[in-house]
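Every number for a ligand or one of its atoms is a count from 1 in the order of the listing. Computed from heavy atoms alone, side chains included, the values below leave out hydrogens, waters and symmetry copies.
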Amino acid sequence: MAKLIVSDVDVKDKKVLMRVDFNVPIKDGVVGDTNRIVGAIPTIKYVSEHGGKVILLSHLGRIKSDEDKKALSLKPVAAKLQELSGMPVKFVPVNEGKELEDAINELKDGDILLMENTRFQDIDNDFGKRESKNDPKLGEYWASLGDVFINDAFGTAHRSHASNVGISTAMKAAGKPVAAGFLMEKEIKFLGNAVDNPVHPFVTILGGAKVSDKIGVIENLIPKSDHILIGGGMAYTFLAAQGHKIGKSLFEADKVELAKDLLQKAGDKIVLPVDHIVAKEFSNDAEATTTDGVDIPDDEMALDIGPKTVKLFQDTLKGAKTVVWNGPMGAFEMSKFAEGTLEVGRAMGNLTDAITIVGGGDSTAAAKSLGIADKLTHISTGGGASLEYLEGKVLPGIDSISNK
Ligand SMILES: Nc1ncnc2c1ncn2[C@@H]1O[C@H](COP(=O)(O)OP(=O)(O)O)[C@@H](O)[C@H]1O
Ligand SMILES: O=C(OP(=O)(O)O)[C@H](O)COP(=O)(O)O
């Protein structure tokens with residue numbers, strides 16, 4: 001069912017509450033990766049330029065103590081948003097009460113306000129985690145501050161919290177519009193089409209550390225994908241399930257039966273590594289060698305896919321029309337073991353006439369640090385959210401947006 005979009009709603013002269021995901025890395029007050037801030041700017045600009053008063057809400061990190069509050073203020077994010085958008089952004093250091101309400105009442109059409117971290121509501125009160133446990137009274141309070149609610153926080157869509165689902169519920173009960181922002185719309189379009197309506201050949205590339213993180217994705221995508229390429233640490237449990245020697249490589253003993261079951265269900269759709277870059281230690285200083293074949297000596301661990309596997313994965317990707325990638329092919333943070341991730345990412349970037357999508361914090365970091373990010377069609381702003389979407393789950397943050 002198509003969701004109501006911000007451009008379907010009249011925002012002129014309205015107080016427009018907008019949930020964004022500004023949960024960005026901050027170190028010593030300096031904002032690191034800005035993908036999520038940049039991603040939210042089109043919706044913020046649209047509402048501002050169409051005469052709405054923009055009232056932004058976001059969480060940042062997880063708040064368990066007053067110390068956390070000091071480290072996790074959204075103030076540096078307000079400054080970064082102002083710098084990146086070129087529009088003035090007023091930061092309000094609270095998210096409840098007179099100071100906030102006065103600041104909202106003083107807004108003129110087109111103004112932008114960011115209130116303090118919504119998860120400051122998770123401590124120092126009788127309810128407990130008011131934000132993260134979705135205290136309905138908090139959602140009602142925030143909803144009372146606006147005329148329209150726009151949810152542009154895809155990265156938070158797998159959470160059912162007061163600042164996304166709580167506000168939506170209260171707004172709808174009050175007969176006020178709840179719509180998706182453009183970032184949310186884009187994420188649903190790319191990930192949704194890939195999962196529900198992929199242009200074939202559809203190739204899924206899965207990697208990263210653990211099988212257990214990706215079981216749901218494999219199960220959901222086996223019937224939809226033409227090929228599932230599995231690399232990274234998760235590959236070795238599958239190879240062990242096939243009876244191969246995997247040495248000291250990452251291995252989840254309790255997932256071997258499941259791996260066998262998935263291999264059987266997938267038939268020849270699952271493509272596993274045929275050679276590896278191995279080392280005796282998990283270290284960039286360790287000597288790295290390439291195995292001849294699929295078996296790994298007892299005293300070695302595989303930390304990247306080998307050159308034959310790179311070629312096999314590249315060949316399988318040829319002609320693909322939809323590619324979804326989640327998880328690196330090796331321990332790419334160490335330069336000696338980054339080649340497989342780089343080459344597979346490069347092959348994806350070189351595909352012409354294909355929709356190429358990356359989800360997951362580490363895969364996104366890999367795509368960026370390897371300089372291939374701008375060759376891909378879509379880099380999701382959600383890690384957990386994109387994974388749950390690929391698993392075919394209903395995400396509460398999306399579900400709570402009104403249908404057209
Ligand atoms: N062969 C391997 N052995 C050990 N660790 C690996 C291996 N391949 C990948 N990794 C590690 O997996 C981590 C990423 O896994 P994961 O969090 O599942 O990815 P994502 O965030 O993209 O979903 C990286 O830190 C990487 O170093
Ligand atoms: O960064 C987020 O998740 P992600 O790292 O899985 O993408 C979201 O903002 C959700 O944050 P949370 O996992 O603290 O609820």
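Listed by first and then second residue, the side chain to side chain donor-acceptor pair (under 3.5 Å) pairs that reach into residues 220-235 are H200-D226, T204-S225, sequence neighbours excluded. Legend: side chain to side chain donor-acceptor pair (under 3.5 Å) pairs involving residues 70-79, not counting sequence neighbours, sorted by first then second residue: E67-K70, S73-E116.
Note on K336 versus D285: no salt bridge recorded, every NZ/NE/NH1/NH2 to OD/OE distance being 4.0 Å or above. Salt bridge D124/K69: present, at least one basic N to carboxylate O contact under 4.0 Å. Using a cut-off of 4.0 Å between Lys/Arg side-chain N and Asp/Glu carboxylate O, D68 and K64 are scored as not salt-bridged.
Outside the 6.0 Å centre-distance limit, the rings of Y236 and H244 are not counted as a close aromatic pair. Residues F337 and F332 keep their aromatic ring centres 6.0 Å or farther apart.
For ligand 1, the atoms sitting less than 4.0 Å from at least one non-hydrogen atom of F282 are 4 (C), 5 (N), numbered in the order shown with element in parentheses. Near N326, with a cut-off below 4.0 Å to any heavy atom, the atoms of ligand 1 are 23 (O). Those atoms of ligand 2 with a heavy atom of R159 less than 4.0 angstrom away are 12 (P), 13 (O), 15 (O). Residue contact check: P328 has heavy atoms under 4.0 Å from atoms 14 (C), 19 (O), 22 (O) of ligand 1. Per-residue contacts place G232 under 4.0 angstrom from the following atoms of ligand 1 (heavy atoms of the residue considered): 1 (N), 8 (N). Interface atoms of ligand 2 facing G384, defined by a heavy-atom separation under 4.0 Å, are 4 (P), 6 (O), 7 (O). For ligand 2, the atoms sitting less than 4.0 Å from at least one non-hydrogen atom of D21 are 8 (C), 9 (O), numbered in the order shown with element in parentheses. Less than 4.0 angstrom separates some heavy atom of Y236 from each of these atoms of ligand 1: 1 (N).
Among protein heavy atoms, the minimum distance from atom 12 (P) of ligand 2 is reached at R62 NH2, 3.3 Å. Counting protein heavy atoms only, atom 3 (N) of ligand 1 is closest to L303 CD2, 3.6 Å. Scanning all protein heavy atoms for the shortest distance to atom 7 (C) of ligand 1 gives G233 N, 3.3 Å. Closest to atom 8 (C) of ligand 2, if we only count protein heavy atoms, is G155 O, 3.3 Å. Ranking the protein heavy atoms by distance from atom 21 (O) of ligand 1 puts D362 N, 3.0 Å first. Nearest to atom 11 (O) of ligand 2 among the protein's heavy atoms is H59 NE2, 3.2 Å. What sits closest to atom 12 (O) of ligand 1 on the protein, heavy atoms only, is A209 N, 3.3 Å. Ranking protein heavy atoms by distance to atom 3 (O) of ligand 2, first place goes to R36 NH2, 4.0 Å.
Between the side chains of D111 and S48, no donor-acceptor pair is found at a separation under 3.5 Å. Residues T309 and D275 bring a donor and an acceptor atom of their side chains to less than 3.5 Å of each other. At a cut-off of 3.5 Å, with distance as the only test, no side-chain donor of T156 or N164 sits close to an acceptor on the other residue. Under the 3.5 Å distance criterion, with hydrogens and angles disregarded, no donor-acceptor pair is assigned to the side chains of R36 and T381.
Remark: of the listed residues L60, V31, L81, L81 is the sole one forming a side-chain contact (heavy atoms from CB on, under 4.5 Å) with F22. The only option from R159, R19, K137, R62 that meets the salt bridge (charged side-chain N to carboxylate O under 4.0 Å, His left out) definition with E131 turns out to be R19.
Remark: ligand 2 and R119 share an N or O pair separated by less than 3.5 Å (distance only, no angle test). Looking at ligand 1, you won't find any N or O of K210 less than 3.5 Å from one of its N or O atoms. Among the atoms of G383, some N or O lies under 3.5 angstrom from an N or O of ligand 2. Close N/O approach between N23 and ligand 2 is found [any backbone or side-chain N/O within under 3.5 Å]. Ligand 1 has no N or O atom lying under 3.5 Å from any N or O atom of M329, backbone or side chain.
Contact check for V217 versus N326: no side-chain heavy atoms found under the 4.5 Å cut-off. The closest side-chain heavy-atom distance from K280 to E300 is below 4.5 Å.
Ring pair F154/Y389 is tilted by interplanar angle, where 30° to 60° counts as tilted.
The closest approach between any non-hydrogen atom of E333 and ligand 1 is below 4.0 Å. Not a single heavy atom of F337 sits less than 4.0 Å from an atom of ligand 1.
With a heavy-atom cut-off of 4.0 Å, E388 does not touch ligand 2 at all. Of all the heavy atoms of A302, the ones lying under 4.0 Å from any atom of ligand 1 belong exclusively to the backbone. Here K214 has side-chain heavy atoms under 4.0 Å from ligand 1, and that is the only part of it that gets that close. Under 4.0 angstrom from ligand 1, the non-hydrogen atoms of L250 all belong to its side chain.
With G330, S363, G384 as candidates, the residue nearest to atom 10 (N) of ligand 1 on a non-hydrogen basis is G330.
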